[in-house]
*Asks:* 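Structure in structure tokens, see below.
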Amino acid sequence: MPTARDRSPTDEFVKGLWKENPVFVQVLGMCPALAVSNTALNALSMGLATLFVLLMSNIVVSSLRRFIPRQVRIASYILIIATFVTIVDYLIQAISLDLHKALGAFISLIVVNCLILGRAEAFASKNTIGRSILDALGMGMGFVFALFCLGAVREVFGAGSFFGLRLFPDGFQAWVIMILPSGGFFTLAAWLLLFSWLKNRKAARAAAAAQPAGGLR
Amino acid sequence: MSNEPLWTVFINACLINNFVLAYFLGLCPFLGVSGKLATAGRMGLAVMFVMLVSSLCALGLNAALIAIGAEYLRLIAFIAVIASTVQLVEMFIKKVSPALFAALGIFLPLITTNCAILGLALFQTNKGYGLAQCTVYALGAGAGFTLALVLMAGLRERLELSDVSDVVKGAALTLFLAGLLSVSFMGFAGLGG
């Protein structure tokens, strides 16, 4: 894996979106990804809340990285993250009470999203503030994108609607299982399958291109 | 204060609303440690112990925070309690069984960021459970977590022997299995009322 020094700022931002997508490639932060992705709107707001917490905690961790002793670093990161999650919790409550009810305890559970602690430990504690902001934005957007993919698929099939708009005529029988917990597992599994198929195909093509022309097969 | 009977609380936490399969809590260890049956069982017990201790601590802390009118500190206080309990369990296992300590590896300190434990503390606060109910709720949730983990480990050990396409191997296959388990756990709905 290349070190952070070799990467240009743009790469720092882009890597989280696709190549190192937190949900589809690293399989991190799945608890909220599955729990609240039953509609596209819930998924999007959860993703944005996580993006905010990730951005703020990366900034603070990165700016304090010289002052936090190694032995107590995890505890300090958790406290920093918990502070911002409390802020988000009260913010969402102030903006929309309905949304706060729909997301429930899962807003508080952003604290234990492995993605945020993982970025604080693996990236923000070793890099400058500027790079940490880019990293947080990239990873956060990747997370929003992944949640949106899950939520959109589950809402379209499970309720026959998209952001509350009906898509199908009245005769459509909704696949209730997609809204239920098991639907979350199946949808994520299907997306992972797609990603691993794409990866395998790319590897196979690279191998084919590396062989001299007119080779076997 | 809620007055749910104790057995309903247990059945609810363990089977109907299984933390892993219905609430998606604690998925990281569920996918990470479920490779071997023996490790999975012990991991489940460690999580159950942490759940019990942190649930009781959270109950006391919540009462104290309400008494001084500082509910906004709840999340931070809970997470601090959980982190110290995990530290305790880690030292205990390292002393008693170094082999198990090595087998659990990174997933032991990661119990701190196991959503199931913080989730438990938050849910019991929301439901307004008393001392006895909290104890039973924590035991039920721990038992449910262990059950899901052991079932998954058993399935995965059998899958090792079967011929699976390369594309499906890994996380995707495990998630499909989890989905099927989740469907079968839906059969418990209506058991506790």
Side-chain angles (χ1 to χ4, degrees), chain A residues 23-37 72 74-75 77-87 89-90 104-118 177 180-201 203, chain B residues 17-28 30-32 71-80 82-84 86-87 109-123 125-126 165-186 189:
Chain A
V23 177
F24 292 143
V25 179
Q26 304 186 48
V27 203
L28 283 179
M30 276 176 310
C31 315
L34 291 172
V36 295
S37 63
V72 295
I74 301 283
Y77 299 160
I78 288 267
L79 283 185
I80 292 170
I81 296 168
T83 313
F84 286 112
V85 172
T86 310
I87 295 174
D89 193 14
Y90 281 90
F106 287 98
I107 303 173
S108 311
L109 285 174
I110 297 178
V111 180
V112 284
N113 190 331
C114 342
L115 169 66
I116 298 177
L117 190 65
I177 196 165
L180 295 173
S182 41
F185 283 118
F186 289 135
T187 315
L188 182 57
W191 278 110
L192 286 180
L193 210 57
L194 178 70
F195 267 69
S196 92
W197 178 70
L198 285 176
K199 209 170 86 187
N200 275 16
R201 200 181 60 163
Chain B
N17 289 323
N18 185 291
F19 269 52
V20 181
L21 298 171
Y23 286 152
F24 305 109
L25 297 173
L27 276 179
C28 305
F30 180 63
L31 300 179
E71 285 99 334
Y72 55 88
L73 282 177
R74 188 182 286 153
L75 195 58
I76 297 180
F78 281 2
I79 200 82
I82 293 171
S84 26
V86 171
Q87 197 75 55
L110 279 185
I111 297 180
T112 311
T113 49
N114 186 336
C115 350
I117 294 168
L118 184 64
L120 178 82
L122 292 170
F123 288 150
T125 313
N126 284 350
S165 158
D166 267 354
V167 185
V168 194
K169 250 182 201 158
L173 183 62
T174 317
L175 282 169
F176 271 122
L177 281 180
L180 291 176
L181 275 181
S182 166
V183 172
S184 49
F185 266 66
M186 268 162 51

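Chain letters run A, B, ... following the sequence lines, proteins first and then strands; every chain starts at 1.
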*Asks:* Using 0.5 Å steps for rounding, measure from the CD1 atom of B:Ile76 to the CD1 atom of A:Ile81.
*Replies:*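 Answer rounded to 0.5 Å: 11.5 Å.
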*Asks:* Any non-hydrogen side-chain atom of A:Phe185 less than 4.5 Å from a side-chain atom of B:Leu27?
*Replies:* yes
*Asks:* Let me know if B:Phe123 has heavy atoms under 4.5 Å from chain A in its side chain, its backbone, both or neither.
*Replies:*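 B:Phe123 touches chain A through side-chain heavy atoms alone.
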*Asks:* Under a 4.5 Å heavy-atom cut-off, does chain B meet the side chain of A:Leu180, its backbone, both or neither?
*Replies:*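 Only the side chain of A:Leu180 comes within 4.5 Å of chain B.
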*Asks:* Under 4.5 Å heavy-atom distance to chain B, tell me which part of A:Ile177 shows up: side chain, backbone, both or neither.
*Replies:*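 Side chain of A:Ile177 only, per the 4.5 Å heavy-atom cut-off to chain B.
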*Asks:* Counting only non-hydrogen atoms closer than 4.5 Å, does B:Ala83 touch chain A with its backbone (N, CA, C, O), its side chain (CB onward), both, or neither?
*Replies:* neither
*Asks:* Heavy-atom cut-off 4.5 Å, strictly under: side chain, backbone, both or neither for A:Ala75 against chain B?
*Replies:* neither
*Asks:* Could you report the tightest heavy-atom contact between A:Ser108 and B:Leu118, atom names first, then the distance?
*Replies:* O-CD2, 4.1 Å
*Asks:* Just how far is it from atom CG of A:Leu188 to atom CZ of B:Phe24, taken to the nearest 0.5 Å?
*Replies:*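 Result: 9.5 Å between the selected atoms.
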*Asks:* Nearest heavy-atom pair of B:Ala172 and A:Ala189: which atoms, and what distance?
*Replies:* O-CB, 3.6 Å
*Asks:* Of the non-hydrogen atoms in A:Leu109 and B:Cys115, which two are nearest, and what is the gap between them?
*Replies:* CD2-O, 3.8 Å
*Asks:* What distance separates B:Ile79 CD1 from A:Leu79 CG, expressed to the nearest 0.5 Å?
*Replies:* 9.0 Å
*Asks:* So for A:Leu117, is it side chain, backbone, both, or neither that comes closer than 4.5 Å to the heavy atoms of chain B?
*Replies:*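 For A:Leu117, the contact with chain B is made by the side chain alone.
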*Asks:* For each of B:Leu75, B:Leu173, B:Leu31, B:Ile82, tally heavy-atom pairs with chain A at distances under 4.5 Å, and name the one with the top tally.
*Replies:* B:Leu75
*Asks:* Which bit of B:Leu122 is near chain A, if near means a heavy-atom gap under 4.5 Å: side chain, backbone, both or neither?
*Replies:* side chain
*Asks:* Heavy-atom distances under 4.5 Å only: say whether A:Thr187 touches chain B with side chain, backbone, both or neither.
*Replies:* neither
*Asks:* So which heavy atom on B:Gly179 is nearest to which on A:Ser182, and how close?
*Replies:* O-CB, 3.5 Å
*Asks:* Any chance you could measure B:Ser165, atom OG, to A:Asn200, atom CG, to the nearest 0.5 Å?
*Replies:*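 One finds 8.0 Å between OG of B:Ser165 and CG of A:Asn200.
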*Asks:* Going by the angle between their ring planes, with limits at 30° and 60°, are A:Phe186 and B:Phe176 parallel, tilted or perpendicular?
*Replies:* tilted
*Asks:* Chain A: which of B:Leu21, B:Thr125, B:Val20, B:Leu25 shares the most heavy-atom pairs with it under 4.5 Å?
*Replies:*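 Option with the greatest count: B:Leu21.
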*Asks:* Heavy-atom distance under 4.5 Å to chain A: side chain of B:Leu180, backbone, both or neither?
*Replies:* both
*Asks:* Does any backbone or side-chain atom of A:Phe106 lie under 4.5 Å from a heavy atom of chain B? Answer side chain, backbone, both or neither.
*Replies:*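 Just the side chain, heavy atoms under 4.5 Å.
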